[in-house]
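For reference, the structure discussed in these notes is given below.
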Amino acid sequence: MYHVPHYINGKKVTTSGRSLKIFNPATGTVIGSLTVATPDIVAAAVHAAQTAFSAWSQIAPLKRSRILFQFKNLLEQHILELAEAVVREHGKTKKDAESSVQRGIDVVEFVCGAPAHLQGAFTAEVTNGMDSYSMRQPLGVCVGITPFNFPAMVPLWMFPMAIACGNTFILKPSEKDPSCALLLAELAQAAGVPDGVINVLQGDKETVDSLITSSDVQAISMVGSTKTAEAIYQIGTAQGKRVQAFGGAKNHAVVMPDADLDQAADALVGAAYGSAGERCMAISVVVAVGDHVADELIKKMRPLITKLNIGPGDTPETDIGPLVTEAHWERVNSYVNLGVQEGADLVLDGRRGPIEKGFYFGACLFDNVRPSMRIYQEEIFGPVLCIVRVPDFAQALHLVNTHEYANGTAIFTREGGIAHQFTANVQVGMVGVNVPIPVPAAFHGFGGWKRSMFGDIGMHGAEGIRFYTRLKTVMQRWPQTPTGIELAMPTI
Ligand code: NAD
């Protein structure tokens, strides 16, 4: 049994009060605990971050980047330790956990070049004797609230970018798998990040409520379910804070009759059942264009799905680890029951239960799912794939575009013209062409549309720099002779 403390002003802080249990989902047993940060602890973290901001924001960007470069090196040296914490508390397979940490490190690598990204624009002689230039300045204390499903990657998408831009940061990781956040803060400190620049608060809604209403917090990055994302966006923006809040998803893969169906079947099985479906970019709906496509896909996917090994994430043969908690297992199970009640065909039922040890849930496949069904409309966030049959491309596109979620989508086709029509007209933030999980690379922006994202500025890439800075534009002149009084609007 271990306890995961807070991390404030460069020190681990253990507090008393309401305690939450940490489970190992592979065994179903309690392995640790944390104590929920109360308003006074939140205030201490905000004070530490606010105090550190003045010095940190004035350090030359290149010097900050050198520290982040050292942080990147340390992350690479500790990738296995981080992945083990992900496996232990989240349940992902080891390989998947390592890959997710690497996707986080990619963003740290990108922010090592922050000085170039922070460059402003300069126009000499914008008019006679006058120059104009712009600069991007940090905001102050920024907050990150992260979900359970990527306990290392999502924090790494947030705080390295924020601090590279000169901000200080308070991370509130998911209470279900809090250890990675602490490890990341300790590695940042070892890399030379000064005390108070990165702080970690353990807790749940109580902690978040204090953090997002603190007057010294300037910006909030949040990733989680749509209900929470929308609430945090509304509370934060009502208080004048900059907020980006990323919510849930129902990602459709459209499969055209001309697609390479073997390739599509492989891609869909990986994208639907990898990480037990607990990915915001998982494919959860296949839109089969034509009955032939649906029938062939089922024929090809069935042996692939039934071969998947369910087991503990640290066992090399495991393809699908457990779900994160017993409550989540119950939720996913209730959706499978609902799908059967709603009249969808449960072609493959991989459920196991009652589970004696561990929150394992095998792959399930529904066919003949209709858009009116709740298993189509709502995010299940488990290894459950729904097939919807449509007669043509126009109806496939219409289906994707009328769903309330719009995080990711993909099309499988060999025809460039169809792929072009899809990418141009689909109302979704991240799009794959024969790529099932189109998570953008670190130097591009990440973000969904509609009810998958609240806010205007995406995560990482140039979007991240924009989110964590604000623009200031200067007009300057150095008059040699008196200019006289000008009362009219100045013109150029
Ligand atoms: P969640 O909304 O339950 O929790 C996310 C974070 O918010 C946690 O830190 C949690 O402590 C906090 N929180 C929970 N309820 C709160 C409340 N009422 N008020 C204030 N804070 C609260 O989400 P989760 O279950 O941890 O993560 C899974 C969800 O995250 C899924 O819906 C998934 O699609 C989504 N997700 C989205 C993206 C994306 O980029 N769009 C990425 C990853 C995960």
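Each residue takes its place number in the sequence, starting with 1. When a ligand or atom number is given, it counts from 1 through the structure's own listing order.
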Please check if atom NZ in K94 has more than 12 non-hydrogen atoms from other residues, nucleotides or ligands closer than 6.0 Å. no

How does E379 reach ligand 1, if at all, at less than 4.0 Å between non-hydrogen atoms: by side chain, backbone, both, or neither? side chain

Nearest protein heavy atom with distance in Å, relative to atom 16 (C) of ligand 1: T228 CG2, 3.3 Å

Under the criterion side chain to side chain contact (heavy atoms under 4.5 Å, CB included), which of L365, L385, V369 is the partner of V286? L385

Those atoms of ligand 1 less than 4.0 Å from some heavy atom in N407: 41 (N)

Nearest-contact summary for atom 19 (N) of ligand 1 - protein heavy atom, Å: K205 CG, 3.3 Å

What do you reckon, does N149 have a nitrogen or oxygen under 3.5 Å from a nitrogen or oxygen of ligand 1? no

Quick check: does D209 get an N/O under 3.5 Å from an N/O on ligand 1? no

Quick one: does G247 get an N or O within less than 3.5 Å of an N or O on ligand 1? yes

For ligand 1, which atoms have a heavy atom of S174 less than 4.0 angstrom away? 9 (O)

Tell me: protein heavy atom nearest atom 27 (O) of ligand 1, and distance? P147 CB, 3.3 Å

Centroid-centroid under 6.0 Å between F361 and H328 rings: no

With the threshold set strictly below 4.0 angstrom, can you tell me whether any protein non-hydrogen atom sits that near atom 4 (O) of ligand 1? no

Looking only at N/O atoms, are F148 and ligand 1 under 3.5 Å apart anywhere? yes

For atom 23 (O) of ligand 1, which candidate among S225, G447, A229 provides the closest heavy atom? S225

Can you find an N or O of E175 that's nearer than 3.5 Å to an N or O of ligand 1? yes

Residue, atom name and distance, where the atom is the protein heavy atom closest to atom 40 (O) of ligand 1: F446 CE2, 3.0 Å

Does G448 come within less than 4.0 angstrom of ligand 1, counting non-hydrogen atoms of the residue? no

If the threshold is 4.0 Å, N to carboxylate O, is there a salt bridge linking K95 and E98? no

Look at atom NZ of K450 and say whether more than 12 heavy atoms of other residues, nucleotides or ligands are closer to it than 6.0 Å. yes

Is ligand 1 less than 4.0 angstrom away from at least one heavy atom of F150? no

Measure the distance from atom 20 (C) of ligand 1 to every protein heavy atom, then report the residue, atom name and distance (to 0.1 Å) of the closest one. V208 CG1, 3.5 Å

Closer than 4.0 Å to some heavy atom of F246 - which atoms of ligand 1 meet that? 39 (C), 40 (O), 41 (N)

Between E378 and Y335, do the side chains contain a donor N or O and an acceptor N or O under 3.5 Å apart? yes

Could you tell me the residue and atom name of the protein heavy atom closest to atom 28 (C) of ligand 1, and the distance to it rounded to 0.1 Å? F381 CE2, 3.6 Å

Please say which of E89, Q202, E84, H90 ends up in a side-chain hydrogen bond (donor to acceptor under 3.5 Å, both in side chains) with S179. E89

Ligand 1 to T146 polar contact by distance, N or O atoms, under 3.5 Å: yes

Evaluate K172 for polar contact with ligand 1, using N/O atom pairs at a separation under 3.5 Å. yes

Taking the six-membered ring of F150 as reference, does the NZ or CZ atom of K92 fall below 6.0 Å from its centre and within a 45° cone about the axis? yes

From atom 12 (C) of ligand 1, work out which of D204, I235, I145 has a heavy atom at the shortest distance. I145

Parallel, tilted or perpendicular, judged at 30° and 60°: which one describes the rings of F159 and F169? tilted

Option with minimal heavy-atom separation from atom 35 (C) of ligand 1, where the choices are G224, P173, A245, G248: G224

In terms of ring plane angle, is the pair H460 and W157 parallel, tilted or perpendicular, where the classes change at 30° and 60°? perpendicular

Between T38 and D40, a side-chain donor and acceptor under 3.5 Å: yes

Regarding R88 and D314, does a basic nitrogen lie under 4.0 Å from an acidic carboxylate oxygen? no

Whether the side chain of E278 engages the backbone of F381 through a donor-acceptor N/O pair (distance < 3.5 Å, no angle test) should be reported. no

Looking just at side-chain N and O atoms, do Y376 and E342 make a donor-acceptor pair shorter than 3.5 Å? no

Give me the residue, atom name and distance of the protein heavy atom closest to atom 36 (N) of ligand 1. C280 CB, 3.6 Å

